[in-house]
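See structure below.
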There are 2 protein chains.
Amino acid sequence: MTVSKTAEKSSEKAGDATRGRKDAAGGPPEALQLGELSEQLGYVLKRAQLKVFENFLRCMASLQLTPAQFSVLLLVEKNPGRNQTEIASTLGILRPNFVAMLDNLESRDLCARIRSTNDRRSHILVLTDKGKAVLARAKKLVATKHESRLNELLGQANREALLEMLSKIANEF
Amino acid sequence: MTVSKTAEKSSEKAGDATRGRKDAAGGPPEALQLGELSEQLGYVLKRAQLKVFENFLRCMASLQLTPAQFSVLLLVEKNPGRNQTEIASTLGILRPNFVAMLDNLESRDLCARIRSTNDRRSHILVLTDKGKAVLARAKKLVATKHESRLNELLGQANREALLEMLSKIANEF
DNA sequence: TGATAATTGTTATGGACCATATCAAATATC
DNA sequence: GATATTTGATATGGTCCATAACAATTATCA
């Protein structure tokens, strides 16, 4: 990289498009037209996902939990006694990248790796007492501060319909 | 980082959870229970977004356009004569990160930077003829291969309802 | 007008996330 | 018992995202 040729070329085939801003009077900044972009599912989906994660992080600021960390705690709680590979793969996390995540959660005493006695290669994952307590508080925060806002914005019925359609896309697309 | 203490601790407060896999017979791998995870909007939203982007990339393989690049071309076509800052900011791209993106598109002769005569600091963005042609082909591919599959999966009415709800989240959340 | 502030594109840089190759220890397979 | 596979881990590189800083240019305003 580090090319950055300042593009002196091809300025002939653009007609007289070099007017720039400030053409006539000093009207308002003239917001851009999104055009077909607002109909592109991928675009809207990504923007919505960023907003939801952003709000999630705000709601979880006191517990310092990211969406990914929250999903790990939820899955370990629901499936105690599973190893790293199983938890990571069902979350779509690659095993190498899961190591640092667990190092973090374990250093905060939220979950623990336990060497399995049946298969001494694998680490069984469990929530610590503190992990269970933190997860319980996290669930309350998500329900009262995060998901509730979705209900206000969309309505209960619409929120459920949205979830169903997204699940369909995630699973059958 | 690079801590990786193998966590020999806290194996007493986990009861006898060290059974690991292969407890009784050699039944099927026993898929994990997602539990409340499948009700978390953020989780489902993210999974759906990844699937949609993945499919988008497959549909665009012949044109080598990413979702972000496609959105830039769309926006420049709809708003000719705008500068880098305007295009980047409405897409949520920071100006420093937009430079390499434009270097790429310009090196492929899809768009061009033109020094504005009104404000010689700014670069006016326009699509080249090749850029317009490629974008036209991209739109056809998206419509026939990408968005059409969404209609098959959800139905026209549901697809529109989904888009509306996502827009609401993206704009009002 | 001229000194100062603000804007534009750019570079450098660091962090977070994602993907692959590889390894030692342990287990499975034959 | 030799070979292959699995598990957790490390190293590494790529991409995306965010901040600071800079030169050139323009805006501001005393």
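The chains referred to below are lettered A, B, ... by the order of the sequence lines, with proteins before strands, and numbering in each begins at 1.
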- Message: Among residues at least two apart in sequence or on other chains, which ones pass side chain to side chain donor-acceptor pair (under 3.5 Å) with B:N55?
- Response: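 So B:N55 forms a side chain to side chain donor-acceptor pair (under 3.5 Å) with B:H146.
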
- Please list, chain by chain and in numerical order, all residues satisfying salt bridge (Lys or Arg N to Asp or Glu O under 4.0 Å) with A:R121, sequence neighbours excluded.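 For A:R121 the salt bridge (Lys or Arg N to Asp or Glu O under 4.0 Å) partners, ignoring immediate neighbours, are A:D119.
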
- Residues which pass salt bridge (Lys or Arg N to Asp or Glu O under 4.0 Å) with B:R108, listed by chain and number, not counting sequence neighbours: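 In terms of salt bridge (Lys or Arg N to Asp or Glu O under 4.0 Å), with neighbours along the sequence ignored, B:R108 is linked to no residue.
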
- Please list all pairs passing the ring-ring contact (aromatic ring centres under 6.0 Å, His included) test where one or both residues lie in residues 147-169 of chain A, with sequence neighbours left out.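 Pairs touching residues 147-169 of chain A that pass the test: none.
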
- Message: Suppose the criterion is ring-ring contact (aromatic ring centres under 6.0 Å, His included): which pairs have a residue in residues 150-173 of chain A, not counting sequence neighbours?
- Response: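 Checked against ring-ring contact (aromatic ring centres under 6.0 Å, His included) - neighbours excluded - no pair reaches residues 150-173 of chain A.
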
Can you tell me how far [atom2] of [N] sits from [atom1] of [X], to the nearest Å?
X      : N      : atom1 : atom2 : result
B:N118 : D:dT26 : CG    : P     : 10 Å
A:R113 : D:dT7  : CZ    : C1'   : 12 Å
A:I93  : C:dA16 : CD1   : P     : 16 Å
A:N83  : C:dA26 : CG    : P     : 16 Å
A:Q49  : D:dC16 : CD    : P     : 15 Å
A:R95  : D:dT6  : CZ    : C1'   : 10 Å
A:Q69  : C:dC17 : CD    : C1'   : 13 Å
B:F98  : C:dT8  : CZ    : P     : 14 Å

- Query: How sharply is the helix from C:dT1-D:dA30 to C:dC30-D:dG1 bent, taking the axes over five pairs at either end and rounding to 10 degrees?
  - Reply: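 About 20° separates the two local helix axes.
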
- Most 5' of A:L50 and A:L102 on DNA chain D, judged by nearest nucleotide: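 Nearest-nucleotide comparison on DNA chain D picks A:L102.
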
- Give every residue pair that meets the salt bridge (charged side-chain N to carboxylate O under 4.0 Å, His left out) criterion with at least one member in residues 48-70 of chain B, sequence neighbours excluded.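 Residue pairs with at least one partner in residues 48-70 of chain B: B:E54-B:R58.
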
- Task: Kindly state each residue pair satisfying salt bridge (charged side-chain N to carboxylate O under 4.0 Å, His left out) with at least one member in residues 65-80 of chain B, sequence neighbours excluded.
- Result: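 Passing the test, one end in residues 65-80 of chain B: B:E77-B:K139.
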
- Task: Please tell me which of the listed nucleotides, C:dT8, D:dG8, C:dC18, lies nearest to the side chain of B:T85?
- Result: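 That would be C:dT8.
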
Quick one: which protein N/O atoms are closer than 3.5 Å to N/O atoms of nucleotides 19-24 of chain C? Pair and distance per line, please.
| residue | atom | partner | partner atom | Å |
| --- | --- | --- | --- | --- |
| C:dA19 | N7 | A:N97 | OD1 | 3.3 |
| C:dA19 | N7 | A:N97 | ND2 | 3.0 |
| C:dA19 | N6 | A:N97 | OD1 | 3.2 |

- Message: Donor-acceptor check, side chain of A:T144 to backbone of A:K140, threshold 3.5 angstrom: yes or no?
- Response: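 Checked: pair present.
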
- Query: Restricting to pairs with a member in residues 154-166 of chain B, which pass side chain to side chain donor-acceptor pair (under 3.5 Å), not counting sequence neighbours?
  - Reply: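 As it turns out, the side chain to side chain donor-acceptor pair (under 3.5 Å) pairs with a partner in residues 154-166 of chain B, which skip direct neighbours, are B:E147-B:R159, B:N151-B:Q156, B:Q156-B:E160.
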
- Residue met sooner reading DNA chain C from 5', once B:Q84 and B:K46 are mapped to nucleotides: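 Nearest nucleotide further toward 5': that of B:Q84.
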
- Under the ring pair (Phe, Tyr, Trp, His ring centres under 6.0 Å) test, residues paired with B:F70 that sit two or more places apart: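 In terms of ring pair (Phe, Tyr, Trp, His ring centres under 6.0 Å), with neighbours along the sequence ignored, B:F70 is linked to B:F56.
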
Could you go through nucleotides 23-25 of chain D and list every protein N or O atom that sits under 3.5 Å from one of its N or O atoms, giving the distance for each pair?
| residue | atom | partner | partner atom | Å |
| --- | --- | --- | --- | --- |
| D:dT25 | OP1 | B:R120 | NH2 | 3.2 |
| D:dT25 | O2 | B:R121 | NH1 | 3.4 |

- Flag for B:R95-B:Q84: side-chain donor and acceptor within less than 3.5 Å: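 The answer is no; no qualifying pair exists.
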
